[in-house]
There are 2 protein chains.
Amino acid sequence: MQYLIIKNAIAEQIENGMLEPGHKLPSERVLADAFSTTRITLREALNYLALSGKVYKEERRGWFVSQEALIFNPAQELDILKVCKKYNRSYKTELIDSKRILAPKMVADTLNLPPFSYVVMYSRLIIIEGRKVAVQYQYLPEALFPSLATMDNDIDVISLLKEQYLLHCPSLRVKVGVFPATEGESAVLNISSGSMLMDIHQSAINNNKKGYLLQVIRCCHDVIEIEIK
Amino acid sequence: MQYLIIKNAIAEQIENGMLEPGHKLPSERVLADAFSTTRITLREALNYLALSGKVYKEERRGWFVSQEALIFNPAQELDILKVCKKYNRSYKTELIDSKRILAPKMVADTLNLPPFSYVVMYSRLIIIEGRKVAVQYQYLPEALFPSLATMDNDIDVISLLKEQYLLHCPSLRVKVGVFPATEGESAVLNISSGSMLMDIHQSAINNNKKGYLLQVIRCCHDVIEIEIK
DNA sequence: GAGTGGTCTAGACCACTGT
DNA sequence: CAGTGGTCTAGACCACTCC
């Protein structure tokens with residue numbers, strides 16, 4: 001199988017440090033020529049390489065060498081940017097949207113909200129080392145955070161929680177899966193529609209079974225490794 | 001984009017119950033004809049559909065409709081077959097291999113073993129509803145289970161642990177990721193080389209920091225959803 | 001042995017990116 | 001505007017599965 005040979009050849013170049021994290025690979029046509037094959041076969045090799053987390057693709061921009069994965073413990077940590085800091089990675093977030101909505105079923109179920117509850121939702125784009133790597137959604141029940149309903153601006157949800165609630169919360173409930181990107185996520189992350197994202201749900205529930213935060217992180221799978229201790 | 005239209009059309013058939021879990025889809029050539037396209041484009045649609053966990057492929061056998069995912073809590077449960085029982089799914093395991101080996105670095109690190117420790121390793125194939133869905137590896141330090149070294153046969157590791165150790169273990173340490181199948185795994189699972197598998201590491205460490213089990217489950221990603229409470 | 005999926009060729013056109 | 005990736009066509013041959 002030619003595509004496996006090509007995949008391994010490129011993987012070796014990366015492991016030997018010939019291609020540094022973040023760098024762009026030569027264009028598909030150049031690589032196809034170099035391996036005396038067609039673009040279809042070459043793309044097959046790159047797609048498999050991407051599954052292994054060694055390279056990633058940005059829509060219409062090309063293929064890039066992945067950084068080493070960040071190890072993240074979603075049962076104890078809400079703030080993924082803190083992990084970036086630990087790894088000395090540059091990072092940035094951008095507010096995509098914030099709004100007050102009727103709690104969707106998934107949110108209401110997770111946070112044990114009564115019917116017709118409103119939640120405030122923030123969605124943010126997470127950018128690490130200049131790469132758009134994840135979308136983060138935070139849902140806060142309006143009943144517990146009445147002041148939020150009147151705020152349009154970005155706020156630091158995690159600090160807010162720490163002040164008000166987090167001390168009473170022994171640990172987070174976590175759900176992890178792998179699901180394809182929605183249209184919207186593909187657009188903001190610059191990835192092809194339907195690519196696979198790692199899906200991390202973290203919910204903070206107090207001892208009275210009241211949920212005060214659901215955070216959903218949808219992240220390119222080569223970026224994060226999950227470890228729960 | 002034609003392939004997205006095809007993907008959605010097939011997804012709709014599944015959601016409407018026209019295609020039942022476990023059933024085989026028509027052949028690629030038939031489907032390509034039905035959508036007036038080429039096999040390449042049709043395969044692209046199916047590949048994306050597979051990412052979303054709605055269908056899966058068996059090597060050279062065809063495409064099948066996925067079952068609903070099992071929800072599994074790896075922080076509290078070692079035995080995935082118990083979960084099958086809960087969901088009323090038929091299941092079976094087959095011993096692939098059992099041997100005594102020098103602990104690989106990953107195992108020694110996880111279980112805090114001294115250099116040159118031996119471990120006993122069992123690998124098993126997990127079959128649910130007739131489908132080969134996962135490979136399970138169990139590593140037990142020989143020092144803690146001296147009787148195992150002389151045994152060739154299959155044993156129920158989980159029962160053994162429960163008897164000897166598990167009562168002292170408050171919870172398991174878990175690591176989750178997404179990694180491609182190795183050659184060997186592809187072969188036993190009947191999936192294409194390099195397809196994506198969900199990777200679940202569970203380690204049982206006692207209060208003296210002695211590790212007495214590392215279990216690694218490598219599972220088709222449409223089969224399991226992970227939930228940690 | 002017929003049919004299937006796995007792999008590959010050799011092109012093509014379009015929309016978009018980067019300069 | 002040149003070059004890139006995204007998508008698609010219309011074939012082909014092989015190895016394997018299933019009957």
Side-chain angles (χ1 to χ4, degrees), chain A residues 1-10 22-51 55-65 130-132 180-181 183 185-196 220, chain B residues 1-10 22-51 55-65 130-132 180-181 183 185-196 220:
Chain A
M1 268 99 66
Q2 209 175 332
Y3 73 88
L4 286 181
I5 297 170
I6 297 172
K7 188 195 94 172
N8 293 332
I10 299 175
H23 279 198
K24 188 173 180 304
L25 295 174
S27 82
E28 293 181 357
R29 284 171 177 85
V30 168
L31 284 174
D33 264 7
F35 290 104
S36 305
T37 185
T38 56
R39 269 179 71 207
I40 301 250
T41 302
L42 181 96
R43 278 168 72 92
E44 186 142 27
L46 287 174
N47 278 324
Y48 275 109
L49 202 55
L51 281 186
V55 299
Y56 64 93
K57 177 165 62 163
E58 286 186 30
E59 186 84 350
R60 288 186 186 284
R61 295 203 347 109
W63 296 86
F64 299 82
V65 180
R131 172 183 171 201
K132 297 168 180 173
E183 294 280 313
E185 288 162 347
S186 305
V188 290
L189 292 176
N190 256 302
I191 57 180
S192 44
S193 175
S195 350
M196 174 184 53
C220 296
Chain B
M1 267 98 66
Q2 208 174 333
Y3 73 88
L4 286 180
I5 296 170
I6 297 172
K7 188 195 94 171
N8 293 334
I10 300 175
H23 279 197
K24 189 174 180 306
L25 271 69
S27 81
E28 293 181 356
R29 284 172 178 84
V30 168
L31 284 174
D33 264 7
F35 290 105
S36 306
T37 185
T38 56
R39 269 179 72 209
I40 300 249
T41 301
L42 181 96
R43 278 168 71 90
E44 186 143 27
L46 287 175
N47 278 325
Y48 275 108
L49 203 54
L51 281 186
V55 299
Y56 64 94
K57 179 166 60 163
E58 286 186 29
E59 187 83 350
R60 288 188 184 283
R61 294 202 348 109
W63 296 86
F64 299 83
V65 180
R131 171 182 171 203
K132 298 168 180 172
E183 293 280 314
E185 288 161 348
S186 305
V188 291
L189 292 175
N190 256 301
I191 57 180
S192 44
S193 174
S195 348
M196 174 184 56
C220 297

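A note on names: the letters A, B, ... follow the listed sequences, proteins ahead of strands, and every chain is numbered from 1. Keep in mind that this is a model prediction, so the values were computed, not measured.
- The interatomic distance linking A:Asp33 (CG) with C:dG11 (C1') rounds to 14 Å, in whole Å.
- In terms of modelled atom types and a separation under 3.5 Å, the side chain of B:Ser192 and the main chain of B:Ser195 share no donor-acceptor contact.
- Distance check, rounded to the nearest 0.5 Å: NZ of B:Lys24 to CZ of B:Arg61 gives 8.0 Å.
- Distance B:Leu31 CG to C:dT4 C1': 12 Å, rounded to the nearest Å.
- Between the side chain of A:Arg29 and the base of D:dG5, a donor-acceptor pair under 3.5 Å is found.
- Distances shown here put a side-chain N or O of A:Gln2 below 4.0 Å from the OP1 or OP2 atom of C:dT9.
- Neither OP1 nor OP2 of C:dT4 sits under 4.0 Å from any side-chain N or O of B:Arg61.
- In this entry the distance linking CG of B:Asn190 with P of D:dC16 reads 12 Å, nearest Å.
- An OP1 or OP2 oxygen of D:dT7 is reached within less than 4.0 angstrom by a side-chain nitrogen or oxygen of B:Tyr3.
- Annotation: side chain of B:Ile6 is not in contact with side chain of B:Glu44 (no heavy-atom distance under 4.5 Å).
- Ranking D:dA10, C:dG5, C:dC8 by closeness to the A:Thr41 side chain, first place goes to C:dC8.
- The separation between B:Asn47 atom CG and C:dG5 atom C1' is 12 Å, rounded to whole Å.
- Remark: B:Arg131 is positioned above the aromatic ring of B:Tyr56, its terminal NZ or CZ atom under 6.0 angstrom from the ring centre and at most 45 degrees off the axis.
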Set out, in order, the CA-CA distance, both residues' side-chain angles and the distance that settles side chain to side chain contact (heavy atoms under 4.5 Å, CB included) for A:Met1 and A:Lys7, then state yes or no.
CA-CA 10 Å; A:Met1 268 99 66; A:Lys7 188 195 94 172; over 6 Å; no

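- The interatomic distance linking A:Ile6 (CD1) with C:dC8 (P) rounds to 7 Å, in whole Å.
- The shortest distance between the side-chain N/O atoms of A:Lys24 and the OP1/OP2 oxygens of D:dG5 is below 4.0 Å.
- Counting to the nearest Å, the P atom of D:dG6 and the CD atom of B:Glu44 are 10 Å from each other.
- The side chain of B:Arg39 approaches C:dT7 more closely than any other nucleotide in the set D:dA10, D:dG6, C:dT7.
- To the nearest angstrom, C1' of D:dA10 lies 16 Å from CZ of B:Arg43.
- Taking atom CD1 of A:Ile40 as the reference point, atom C1' of D:dG6 lies 11 Å away to the nearest angstrom.
- B:Thr37 comes within 4.0 angstrom of sugar-phosphate atoms only, judged by non-hydrogen atoms across all strands, and of no base.
- For A:Arg60 and C:dG18, a side-chain-to-base donor-acceptor distance below 3.5 Å is absent, hydrogens and geometry of angles not being considered.
- Between C:dA10 and A:Thr38, no contact under 4.0 Å exists linking OP1 or OP2 to a side-chain N or O.
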